[in-house]
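To keep things clear, I will list the structure first and then write my remarks on it.
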Amino acid sequence: VLTDLLMVTVLKDTLEKRGALGEIKARIRAEIFNALDDQSEPRPPLSHENLLINELIREYLEYNKYKYAASVLIAESGQPEVPLDRQFLARELNVIEDVNGKSVPLLYGIISHFLHGGKEESSQNTLPKVPLLTYPKQNLGKPPTERNPK
């Protein structure tokens, strides 16, 4: 009995260190949501603002490989399956991106702009030309504890 308990503990710790346990839990939550989701009940129409906000969140989730969270967001919100074009999204939000910002979700640039009070540019809608927020590198295959905190 003690050997079995030790084996379960070691297995759990190993799965946590690899980030697999969190992924398994997220997958289970997504599958439970999909099973319980009543497809016969129509989704309320998305306002223009909610469509844009959901798209910013989806871009962030997908960039950080939170695919199950993104799938639940899409299913629950009624967001279109096909993502909005990034250039369209930037135009709708009146955002002018710098070169560094184009490789990361728009949300990172927006947060950077507001964290620094928009002081670095003369135009209110221009995101910083210098990276004031350290943009994250792709975190492929790393567990959440090893990902960049910013």
### Query
Step by step, would you call Arg18 with Thr14 a side-chain contact (heavy atoms from CB on, under 4.5 Å)?
CA-CA 6 Å; Arg18 290 183 183 172; Thr14 302; 3.9 Å; yes

### Worked verdict on Asp13 versus Glu16 for side-chain contact (heavy atoms from CB on, under 4.5 Å)
CA-CA 5 Å; Asp13 289 345; Glu16 280 180 349; 4.0 Å; yes

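Checking side-chain atoms of Asp85 against main-chain N and O of Gln87 turns up a donor-acceptor pair under 3.5 Å. For the pair His113 (side chain) and Gly109 (backbone), a donor-acceptor distance under 3.5 Å is absent. Side-chain N or O atoms of Ser71 include one that pairs as donor or acceptor with a backbone N or O of Tyr68 at under 3.5 Å. With Ser77 contributing its side chain and Leu73 its backbone, the two residues share a donor-acceptor pair below 3.5 Å.
Taking CG from Leu11 and CG from Leu21, the interatomic distance works out to 9.0 Å, rounded to the nearest 0.5 Å. The line from CZ of Arg91 to CG of Leu89 is 10.0 Å long, rounded to the nearest 0.5 Å. The distance from atom CD1 of Ile74 to atom CD1 of Ile57, rounded to the nearest 0.5 Å, is 11.5 Å. Atom CG of Leu15 is separated from atom NZ of Lys25 by 10.5 Å, given to the nearest 0.5 angstrom. The structure places CZ of Arg86 at 4.0 Å from CG of Leu106, a figure rounded to the nearest 0.5 Å.
Two residues are said to be in side-chain contact when any heavy atoms from C-beta on lie closer than 4.5 Å; Glu23 and Arg27 fail this criterion.
No single ILVMFWY cluster, assembled from side-chain heavy atoms under 4.5 Å apart, contains both Leu5 and Val10.
Counting only residues at least two apart or on different chains, no salt bridge (Lys or Arg N to Asp or Glu O under 4.0 Å) pair has a member in residues 100-112.
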Donor-acceptor contacts under 3.5 Å from residues 49-56 side chains, at least two apart:
| residue | atom | partner | partner atom | Å |
| --- | --- | --- | --- | --- |
| Asn54 | ND2 | Asn50 | O | 3.3 |
| Asn54 | ND2 | Gln79 | OE1 | 3.2 |
| Glu55 | OE1 | Arg58 | NE | 3.3 |
| Glu55 | OE1 | Arg58 | NH2 | 3.1 |
| Glu55 | OE1 | Gln79 | NE2 | 3.0 |
| Glu55 | OE2 | Arg58 | NE | 3.2 |
| Glu55 | OE2 | Leu84 | N | 3.3 |

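Ring orientation note: the planes of Tyr60 and Tyr108 are tilted relative to one another, at an angle of 30° to 60°.
Note on Lys67 versus Glu62: no salt bridge recorded, every NZ/NE/NH1/NH2 to OD/OE distance being 4.0 Å or above.
Closest of all the heavy-atom pairs between Leu46 and Pro80 is CD1-CD, 4.5 Å. Closest approach of Ala90 to Glu97, counting heavy atoms only: CB-OE1, 4.3 Å.
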